[in-house]
Amino acid sequence: MTENLSTHQAEEDQRNEAILIYLNGEIVPKERAVVSVYDSGFMLGDGVWEGLRLYNGTWAFIDEHLDRLFEAAKTIDLDIGMDRDQVKQAVLDTQHANNMMSDAHARLMVTRGVKTRPFQHPSLSQRGPTFAIIMEHSCPNLPRPIRLATVPHLRGLPMTQDPKLNSHSKLNCILACIAAEKAGADEGLMLDVNGFVNTTNACNFFIVRKNSVWTSTGDYCMNGITRQKVIDLCRANDIPVFERNYSLVDTYGADEAFLTGTFGAQTPVGDIDGREIGDGEMGPVTKRIRALYKDLIAQECA
Ligand SMILES: Cc1ncc(COP(=O)(O)O)c(C=O)c1O
């Protein structure tokens with residue numbers, strides 16, 4: 001059996017040992033970028049985050065990412081303490097301090113801040129918020145298509161920790177990933193509450209059947225920015241695309257399958273629950289969509 005992979009695997013880059021981190025208005029060396037054990041994020045996973053990618057000097061789709069960050073913060077009633085321009089400036093300041101031009105990934109994290117006592121009530125979070133940006137040199141590097149395993153952990157209904165929230169607590173997704181690894185796969189394929197195929201623990205999921213692209217209805221999964229770009233690209237390029245319910249029967253029988261996310265763009269899937277998808281390699285529709293997305297990034301980040 002080949003070694004397990006992570007969908008967020010990147011080439012080793014020694015420069016990441018010496019990066020600078022943005023923390024509450026300061027830019028500090030990695031080893032000094034520490035938060036309190038009383039931090040709401042550490043203690044309870046009480047915070048939200050966003051992942052962005054730098055191509056050719058431009059943070060791709062940054063306005064959409066900031067919309068999602070501010071929307072998530074509003075949903076959990078968390079005041080970021082900065083406006084959008086200030087957040088953008090913090091990203092740029094961190095980028096320049098790290099002398100990064102391209103192939104970098106940023107994780108923006110904001111938590112309810114430092115608590116006075118180690119208990120859940122949000123009113124105990126009195127110092128904050130805590131705002132951090134980790135920015136790393138990052139070239140995604142996957143030696144083979146990803147293997148998925150269906151896991152018992154579901155994408156829940158919106159009234160139970162809405163799966164559209166990029167919350168710090170990702171325990172449901174982490175348990176899904178652990179179950180997949182124990183089944184010999186790289187990432188977990190998660191079903192929705194009705195048993196339809198929905199998404200993976202860290203990426204959005206697509207299949208290709210007879211040259212048509214299918215993805216879930218969008219209920220129960222992260223409203224992925226890359227997911228939406230892929231749907232828009234299909235529509236603009238006469239590739240039939242459907243947001244619909246479908247089951248494991250449709251999935252095992254698909255000609256191709258791929259994942260989407262800011263980190264890896266489009267990642268081919270070669271195997272699901274021990275069933276080879278197509279010939280187990282990246283298929284022609286996935287290749288075409290990857291090329292279209294690359295062109296889109298080249299325009300966006302010219
Ligand atoms: C569970 C989950 N699905 C999908 C995605 C991909 O979303 P995006 O394309 O906006 O990076 C993410 C990333 O935030 C995620 O956490």
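Count residues from 1 along the sequence. As the structure is a computational prediction, the values presented were derived from the model and not from experiment. Indexing begins at 1, ligand by ligand and atom by atom, following the structure's order.
- Of the protein's non-hydrogen atoms, the one nearest atom 14 (O) of ligand 1 is N166 ND2, 3.2 Å.
- The protein atom (non-hydrogen) at minimum distance from atom 9 (O) of ligand 1 is T226 OG1, 2.6 Å.
- Under the 4.0 angstrom criterion for non-hydrogen atoms, R68 is in contact with ligand 1.
- Annotation: atom 11 (O) of ligand 1 to nearest protein heavy atom, T262 OG1, 2.6 Å.
- Aromatic ring pairs are classed by plane angle as parallel below 30°, tilted from 30° to 60° and perpendicular above 60°; the pair F206 and F258 is parallel.
- A donor-acceptor contact under 3.5 angstrom links the side chains of E187 and T200, judged on distance only.
- Considering backbone and side-chain atoms together, I225 places an N or O closer than 3.5 Å to an N or O of ligand 1.
- Shown here are the salt bridge (Lys or Arg N to Asp or Glu O under 4.0 Å) partners of E50, two or more places apart in sequence or in another chain: R68.
- Looking at N4, its side chain does come within 3.5 Å of a backbone N or O of A185 through a donor-acceptor pair.
- Protein heavy atom closest to atom 3 (N) of ligand 1, with residue, atom name and distance, is M222 CB, 3.4 Å.
- Every atom of ligand 1 is numbered from 1 in the order shown, and the set under 4.0 Å from a heavy atom of G261 is 6 (C), 9 (O), 11 (O).
- Among protein heavy atoms, the minimum distance from atom 4 (C) of ligand 1 is reached at N204 OD1, 3.4 Å.
- Judged by a 6.0 Å distance limit and a 45° cone about the ring axis, K229 is not positioned over the six-membered ring of Y293.
- Assignment of E64 to the shell around ligand 1 is not supported, since no heavy atom sits closer than 4.0 Å.
- Scanning both residues, D186 and R147, for their nearest heavy atoms gives OD2-N, 2.6 Å.
- Using a non-hydrogen distance threshold of 4.0 Å, G51 does not register as a contact of ligand 1.
- Protein heavy atom in closest approach to atom 5 (C) of ligand 1: A202 O, 3.6 Å.
- Within the 4.5 Å cutoff, side-chain heavy atoms of T75 are placed close to those of L165.
- Near N201, the atoms of ligand 1 lying under 4.0 angstrom from a non-hydrogen atom of the residue are 1 (C).
- The shortest contact between atom 13 (C) of ligand 1 and any protein heavy atom is with W49 CH2, 4.1 Å.
- Of the protein's heavy atoms, G224 CA, 3.5 Å lies nearest to atom 7 (O) of ligand 1.
- Proximity of R53 to P140: side-chain heavy atoms (C-beta onward) are separated by under 4.5 Å at one or more points.
- Taking 4.0 Å as the cut-off between side-chain N and carboxylate O, R235 and E243 count as a salt-bridged pair.
- The shortest separation from a heavy atom of N223 to ligand 1 is not under 4.0 Å, leaving the residue out of contact.
- A salt bridge between D63 and K88 is present, with a side-chain N of the basic residue lying under 4.0 Å from a carboxylate O of the acidic one.
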